[in-house]
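Take a look at the structure below.
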Amino acid sequence: MPELPEVETIARDLDRAISGRRIAGAKLFWPKTFDVRGPSLRSLRGDRITRVHRIGKFVVMDLESGRHIAVHLRMTGQLIALANGSGRKAATDGAPRAPSDAKHTRLLLRFEDGGTLAFSDTRKFGRWRIVEGDVREALGIGVDPFDPALTPERLYELTRGRTTPIKTWLLDQRHLSGIGNIYASEALYDARIRPTRRAGRLSRAQSAALLHSLRKVMRKAISYRGSSVDDYVDGAGMPGEFQKKLAVYGRGGMPCRRCKTVIRRVVLAQRGTFFCPVCQL
DNA sequence: ATCAGCACCTGTTGGC
DNA sequence: TGCCAACAGGTGCTGA
């Protein structure tokens, strides 16, 4: 469900909605949702959220105590700030139009002022954990695609000697963090690079083009508040708009928007991968 | 290093 | 209508 643009959208929404709020308590409905490594859920009581931001595909809530709540939404996780404490019941006050549905609520954070942060997750893959110390290091993920330290030359260096397909390489969060299946296909299409190309065989020019396209596509996706292909909703429960702008993802069998060639679907690293066999070399 | 395969889960869709 | 297989935005583990 969520890749960098979706997680960024949610984090920005939640930063506005819940920063400054003090936690009154947490309720866990599906035990595996909470990763028991690190401090307990109970220890959150009385702590205050100072900021919400994104690290890779994690929504990170900084706490007054110096700790951090790191949430990974995996495929179907949703984080929705509810104005009142509607709990597991569907919100009836009409505030969020698509409230996290009660049936799939896995964890709730209640705030002292009565507000609630609901974590809904149909497939139960999502995870919450509390981290002390350096978050990025604890999460074991690589450089952010928007980090200025990631230059075209740096991307070129990182891919040297790698024989795995570039699309597979992009999905490995230890290399770059935040890219998922949709935007890997989209960026490679934009950069006119075939997903099956060996990472180590990219030229300097292609590395530069790829970095440019990754940023361009994801920046645009953020401006459209993410892609709602299926379950994704923002921090208020509303879908994004970028799914209407996707150039190749999910368009197998349809004509390429550049050259009309039929878009092909192949499987790489067990994931559906879309590309134009003529435009992408 | 890297891959396939499977695991974790539930829901939707398409074919017969 | 029913049934079943395939597939879904992600990641982690095992064994080759």
Side-chain angles (χ1 to χ4, degrees), chain A residues 1-11 29-35 37 54-59 70-79 98 100-107 119-129 138-142 145 158-188 195-201 214 217-218 221-222 224-234 239-253 265-274:
Chain A
M1 166 211 177
E3 303 181 34
L4 187 155
E6 291 75 33
V7 178
E8 180 68 28
T9 301
I10 292 168
F29 300 97
W30 179 255
K32 292 172 92 172
T33 293
F34 185 76
D35 187 334
R37 290 174 295 177
R54 174 190 67 78
I55 296 182
K57 293 179 192 171
F58 290 82
V59 173
V71 181
H72 199 301
L73 287 64
R74 295 285 180 95
M75 298 286 268
T76 57
Q78 303 178 334
L79 276 174
S100 81
D101 61 312
K103 184 178 169 196
H104 301 298
T105 298
R106 309 302 178 197
L107 197 157
F119 178 68
S120 174
D121 185 18
T122 304
R123 291 176 70 180
K124 302 176 175 171
F125 291 163
R127 292 291 179 270
W128 283 50
R129 62 181 287 196
L139 302 177
I141 56 179
L158 285 172
T159 52
R160 288 315 89 188
R162 302 313 188 110
T163 58
T164 200
I166 183 61
K167 197 259 192 171
T168 304
W169 189 87
L170 287 173
L171 291 182
D172 188 332
Q173 303 298 297
R174 294 169 303 184
H175 302 329
L176 306 185
S177 57
I179 299 156
N181 206 35
I182 292 181
Y183 299 103
S185 278
E186 292 294 311
L188 287 166
T196 50
R197 174 141 205 132
R198 311 278 112 175
R201 304 296 303 273
L214 282 167
V217 168
M218 292 197 289
I222 292 168
Y224 280 86
R225 305 188 56 75
S227 300
S228 292
V229 171
D230 209 17
D231 301 287
Y232 162 74
V233 291
D234 64 23
E241 300 290 333
F242 197 69
Q243 65 279 8
K244 300 166 188 169
K245 302 284 179 182
L246 296 175
V248 278
Y249 182 81
R251 299 193 69 244
R265 178 186 187 274
V266 296
V267 174
L268 284 180
Q270 283 93 253
R271 319 294 305 280
T273 303
F274 301 88

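Not measured: the values here are computed from a predicted model.
Residue-level contact check: Trp169(A) touches neither bases nor backbone, having no heavy atom under 4.0 Å from any strand. When heavy atoms are screened at a 4.0 angstrom cut-off, Tyr249(A) is found touching the sugar-phosphate backbone but no base atom. Backbone-only engagement by Pro165(A) is indicated by non-hydrogen atom pairs under 4.0 Å involving sugar-phosphate atoms exclusively. The residue Arg198(A) sits apart from the nucleic acid: no heavy atom pair falls under 4.0 Å. Counting non-hydrogen atoms under 4.0 angstrom, Arg127(A) reaches nothing in the nucleic acid.
Applying the side-chain hydrogen bond (donor to acceptor under 3.5 Å, both in side chains) criterion to Thr164(A), with sequence neighbours excluded, gives no partner residue. With sequence neighbours excluded, the residues forming a side chain to side chain contact (heavy atoms under 4.5 Å, CB included) with Ala199(A) are Thr159(A), Arg162(A), Ile166(A), Trp169(A), listed by chain and number. Contacts of Thr196(A) classified as side chain to side chain contact (heavy atoms under 4.5 Å, CB included), with partners at least two apart in sequence or in another chain: Arg194(A), Leu268(A). For Ala11(A), the side chain to side chain contact (heavy atoms under 4.5 Å, CB included) partners are Val52(A), Arg54(A), not counting sequence neighbours. Applying the side chain to side chain contact (heavy atoms under 4.5 Å, CB included) criterion to Thr122(A), with sequence neighbours excluded, gives Thr76(A), His104(A). Listed by chain and number, the residues in a salt bridge (charged side-chain N to carboxylate O under 4.0 Å, His left out) with Arg225(A) are Asp13(A), Asp234(A) (sequence neighbours excluded). Not counting sequence neighbours, Thr9(A) has no partner by the side-chain hydrogen bond (donor to acceptor under 3.5 Å, both in side chains) test.
Nearest to the side-chain atoms of Thr168(A) among the listed nucleotides dT10(B), dC7(C), dC3(B) stands dC3(B). Checked against dC9(B), dA8(C), dT11(C), the side chain of Met75(A) finds its nearest nucleotide in dA8(C).
For the pair Phe29(A) CZ and dC9(B) P, the computed distance is 18 Å after rounding to whole Å.
Going from the P atom of dC9(B) to that of dC13(C) covers 15 Å, rounded to whole Å. dT1(C) and dT10(B) are spaced 22 Å apart, taking the C1' atom of each and rounding to whole Å. Nucleotides dA1(B) and dG10(C) are separated by 23 Å at their P atoms, to the nearest Å.
Interface residues of residues 171-181 of chain A facing DNA chain C, ordered by number: Gln173(A), Gly180(A), Asn181(A); criterion, heavy-atom separation under 4.0 Å.
Listed pair Arg271(A) / dG5(B) fails the phosphate criterion, with no side-chain N or O lying under 4.0 Å from OP1 or OP2. The phosphate of dC3(B) (OP1 or OP2) has a side-chain N or O of Thr164(A) nearer than 4.0 angstrom. In terms of phosphate contacts, His72(A) brings no side-chain nitrogen or oxygen within less than 4.0 Å of OP1 or OP2 of dG10(C). Proximity of Lys32(A) to the phosphate of dC8(B): no side-chain N or O atom is located under 4.0 Å from OP1 or OP2.
Side chains of Trp128(A) and Thr33(A) form a contact here, defined as non-hydrogen atoms less than 4.5 Å apart. Put simply, the side chain of Leu188(A) reaches to within 4.5 Å of the side chain of Leu170(A), judged on heavy atoms.
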- For DNA chain B, what dot-bracket results from Watson-Crick or G-U pairs at under 3.5 Å, with [ ] for crossers and | for inter-strand partners? .|||||||.|||||||

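No N or O donor and acceptor, one from the side chain of Glu3(A) and one from the base of dG10(C), sit under 3.5 Å apart.
Centre separation under 5.5 Å together with a plane angle under 30° does not hold for the ring of Phe125(A) and the six-membered base ring of dC9(B), so they are not marked as stacked.
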Throw together a table of side-chain donor-acceptor distances under 3.5 angstrom for residues 243-250 of chain A, partners on residues two or more places apart or in other chains.
from      : atom 1 : to        : atom 2 : distance (Å)
Gln243(A) : OE1    : Ser228(A) : N      : 2.8
Gln243(A) : NE2    : Gly240(A) : O      : 3.0
Lys244(A) : NZ     : Glu241(A) : OE1    : 2.4

Distances under 3.5 Å only, N/O to N/O: pair up the protein atoms with those of nucleotides 13-16 of chain C.
none

Identify all pairs in which a protein N or O lies below 3.5 Å from an N or O of nucleotides 11-16 of chain B, and state each distance.
from    : atom 1 : to        : atom 2 : distance (Å)
dG11(B) : OP1    : Lys103(A) : NZ     : 3.0

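Side chains of Tyr232(A) and Glu3(A): a donor-acceptor N/O pair is absent below 3.5 angstrom, by distance only.
Nearer the 5' end of DNA chain B, as judged by each residue's closest nucleotide, is the contact made by Arg162(A), out of Arg162(A) and Gln270(A).
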